[in-house]
Amino acid sequence: MARIGIIGLGNMGSGMAAKLAGAGHDVRAFDVSDGALARAVAAGCTAGASAAAVGDDVEAVVTMLPAGTHVEQVYRDSLVGRVAPDTLLIDCSTIDVATALRVAELAAKAGLPAVDAPVSGGIAAAAAGTLTFMVGGTREAFDRAQPVLATMGKSVIRAGAAGAGQAAKMCNNMILGATMIATCEAFALAERLGLDAQAFYDIASVSSGQSWSMTSYCPVPGVGPVTPADKGYDGGFAAALMLKDLRLAMAAAGDCGATTPMGSRAAELYEAFVAAGHGGRDFSGIIETLRP
Ligand code: NAD
């Protein structure tokens, strides 16, 4: 079993730390929140005194932080230049490609293997150990990260070189944002045309309108599997996080000159939804703004 550090024990990191500890690893955990740290200790981790302390004497350090600024600060101030040579750095946060490349370069200059490994799957998948990891980094770094990530997920896929994991994550979530809105629009139009929602679901879910947003995360209550729609759009994947991911995708598209009209429109619609005070609600709740 390995000695593993983990920094960032929020909604996602707490479940991931518990999975690592549950698999028998010696897990040293740190979070700036005392409450989050106490929960990790209750799940079998050892509390680190600081972010830098969890990097001492471990084989790998996992970070699961809110955004690029937090990751860069932790890499610069607490990990690179401090951890033992050959310590593997695994960043699972969703961050912008430019920062992912900067921290990868920082690690490479210090001779540290590093991967960006953002996840698909929400809080429930983190707790259940069924996340999908999309990984950017060298083949050697990926091979070392794979068994650690496999403890926390059902799929671990190498996307390419450093930054490719973040690129895959934002492209995936741009599809998700756009297909969720398209699915909501179609249900709203079907209603106006007098179609029964269940009948429309039965047809579209086995026809060419099928997508994950339709069959795994149906935005209409009482139709399809149980989803946040059945709980008043409470819990699930917060609209504010969808907006964060769409903004990252739009920034990357701007940087490389890609044309993304659907992604751009999805970002505008989620901007408005979040600005109207719905940032904490599940992202499928946007259907309510598409009905008269
Ligand atoms: P969160 O805000 O619940 O947790 C982040 C944790 O990091 C907090 O506990 C915070 O105290 C801690 N933190 C912040 N700065 C720190 C520092 N300098 N040192 C130590 N700890 C620090 O966020 P989350 O929902 O767990 O998301 C984490 C990442 O995963 C984000 O990048 C998010 O976009 C991504 N993500 C989230 C979901 C989801 O459904 N929540 C799904 C996929 C990906």
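Quick note: numbers below take in every heavy atom, side chains included, and nothing from hydrogens, waters or symmetry partners.
- If you check the side chains of Tyr217 and Asp282, you find a donor sitting under 3.5 Å from an acceptor.
- Within the 3.5 Å criterion, the main-chain N or O of Gly163 finds a donor-acceptor partner in the side chain of Asp116.
- Between Arg265 and Glu268, at least one side-chain nitrogen of the basic residue sits less than 4.0 Å from a carboxylate oxygen of the acidic one, meeting the salt-bridge criterion.
- For the atom pair CG of Asn11 and CD1 of Ile123, the computed distance is 4.0 Å after rounding to the nearest 0.5 Å.
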>> If you apply the rule salt bridge (Lys or Arg N to Asp or Glu O under 4.0 Å), what do you find for Asp56 with Arg82, and how did you get there?
In response: CA-CA 8 Å; Asp56 289 340; Arg82 163 138 183 170; 2.7 Å; yes

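- Atoms OG and CG, on Ser264 and Leu269 in that order, are 9.5 Å from each other to the nearest 0.5 Å.
- Clustering ILVMFWY residues whenever any of their side-chain heavy atoms sit less than 4.5 angstrom apart, transitively, puts Val61 in the very cluster that holds Val32.
- Phe133 is not listed as a side-chain neighbour of Pro118, based on a closest heavy-atom distance of 4.5 Å or more.
- Between the Thr227 side chain and the Cys218 main chain, a donor and an acceptor come within less than 3.5 Å of each other.
- Residues Thr63 and Ile90 are not in side-chain contact: their nearest non-hydrogen atoms beyond the backbone lie 4.5 Å or more apart.
- Look at Arg28 and Asp26 and you find a salt bridge, because one of the NZ, NE, NH1 or NH2 atoms lies within 4.0 Å of a carboxylate O, short of that distance.
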>> Using the rule given for side chain to side chain contact (heavy atoms under 4.5 Å, CB included), can you reason through Tyr233 versus Glu288, listing the C-alpha separation, both sets of side-chain angles and the distance that settles it, and then say yes or no?
In response: CA-CA 10 Å; Tyr233 305 100; Glu288 292 183 346; 3.4 Å; yes

> Can you list the steps and then say if Val226 with Lys231 is a side chain to side chain contact (heavy atoms under 4.5 Å, CB included)?
Replying inline: CA-CA 9 Å; Val226 174; Lys231 299 166 195 156; 4.2 Å; yes

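- From Thr289, atom OG1 reaches atom CD of Glu185 across 9.5 Å, with rounding to the nearest 0.5 Å.
- Shown here is Glu105, whose CD atom has no more than 12 heavy atoms of other residues, nucleotides or ligands within 6.0 Å.
- Heavy atoms of other residues, nucleotides or ligands lying less than 6.0 angstrom from CZ of Arg291 number more than 12.
- Side chains of Thr179 and Ser213: a donor on one and an acceptor on the other come within 3.5 Å.
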>> Before you tell me yes or no, could you show the steps for Phe142 and Val156 under side chain to side chain contact (heavy atoms under 4.5 Å, CB included), namely the whole-Å CA-CA distance, both residues' side-chain angles and the distance that decides it to 0.1 Å?
In response: CA-CA 9 Å; Phe142 173 79; Val156 182; 3.8 Å; yes

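- In summary, Arg144 and Glu140 do not engage in a salt bridge, as defined by a charged side-chain N under 4.0 Å from a carboxylate O.
- In this structure, OG1 in Thr99 is found 9.0 Å from CG in Leu248, a value given to the nearest 0.5 Å.
- Each of Leu106, Leu79, Val80 was compared with Leu112 under the side-chain contact (heavy atoms from CB on, under 4.5 Å) criterion, and only Val80 meets it.
- Between Leu9 and Phe30, the closest side-chain pair of non-hydrogen atoms is not below 4.5 Å.
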> Is there a side chain to side chain contact (heavy atoms under 4.5 Å, CB included) between Gln198 and Asp202 once you walk through the steps?
Replying inline: CA-CA 6 Å; Gln198 181 66 53; Asp202 291 344; 2.9 Å; yes

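- When only modelled atom types and interatomic distance are considered, Ser120 and Lys169 share no side-chain donor-acceptor pair under 3.5 Å.
- Connection of Met242 to Met170 is not established within any shared hydrophobic cluster, with ILVMFWY side chains joined at heavy-atom distances below 4.5 Å, either directly or through further cluster members.
- Here the side chain of Asp230 pairs a donor or acceptor atom with the backbone of Gly222 at under 3.5 angstrom.
- The minimum heavy-atom distance linking Pro221 with Ala229 is given by the pair CB-O, 3.5 Å.
- Counting all heavy atoms, side chain and backbone alike, Val74 lies closest to Ala51 at CG1-CB, 4.5 Å.
- Val58 and Val54 fall within a single hydrophobic cluster, where Ile, Leu, Val, Met, Phe, Trp and Tyr side chains are chained together by heavy-atom contacts under 4.5 Å.
- Closest approach of Thr183 to Ser211, counting heavy atoms only: OG1-OG, 3.9 Å.
- Looking at heavy atoms from C-beta onward, Arg3 lies out of side-chain contact with Val27 at the 4.5 angstrom threshold.
- A donor-acceptor pair under 3.5 Å links the side-chain atoms of Ser93 to the main chain of Leu65, judged by distance alone.
- The closest side-chain heavy-atom distance from Thr130 to Met152 is not below 4.5 Å.
- A heavy-atom distance below 4.5 Å is not found between the side chains of Asp96 and Gln166.
- Between Asp234 and Arg281, no side-chain nitrogen of the basic residue sits less than 4.0 Å from a carboxylate oxygen of the acidic one, so the salt-bridge criterion is not met.
- A heavy-atom distance below 4.5 Å is not found between the side chains of Ile4 and Glu59.
- Closest approach of Ala117 and Val135 over heavy atoms only: CB-CG2, 4.2 Å.
- Nearest heavy-atom pair, Ala167 versus Val97, reported as atom, atom and distance to 0.1 Å: N-CG2, 4.1 Å.
- To the nearest 0.5 angstrom, Lys154 atom NZ is 13.5 Å from Leu149 atom CG.
- The cluster map of Ile, Leu, Val, Met, Phe, Trp and Tyr, joined by side-chain heavy atoms under 4.5 Å apart, puts Met214 and Met174 in different clusters.
- In terms of heavy-atom proximity, Leu246 sits nearest to Gly263 at CD2-O, 4.3 Å.
- Val223 and Ile286 fall into different hydrophobic clusters, where Ile, Leu, Val, Met, Phe, Trp and Tyr are joined by side-chain heavy atoms under 4.5 Å apart, directly or via other members.
- Side-chain N or O atoms of Lys244 include one that pairs as donor or acceptor with a backbone N or O of Thr94 at under 3.5 Å.
- Between the side chains of Ser205 and Gln210, no donor-acceptor pair of N or O atoms lies under 3.5 Å.
- Proximity of Glu271 to Arg247: side-chain heavy atoms (C-beta onward) are separated by under 4.5 Å at one or more points.
- Of the candidates Tyr270, Phe283, Phe273, Ile181 forms a side-chain contact (heavy atoms from CB on, under 4.5 Å) with just one, namely Tyr270.
- Residue Cys92 holds its SG atom at 12.0 Å from CD1 of Ile7, rounded to the nearest 0.5 Å.
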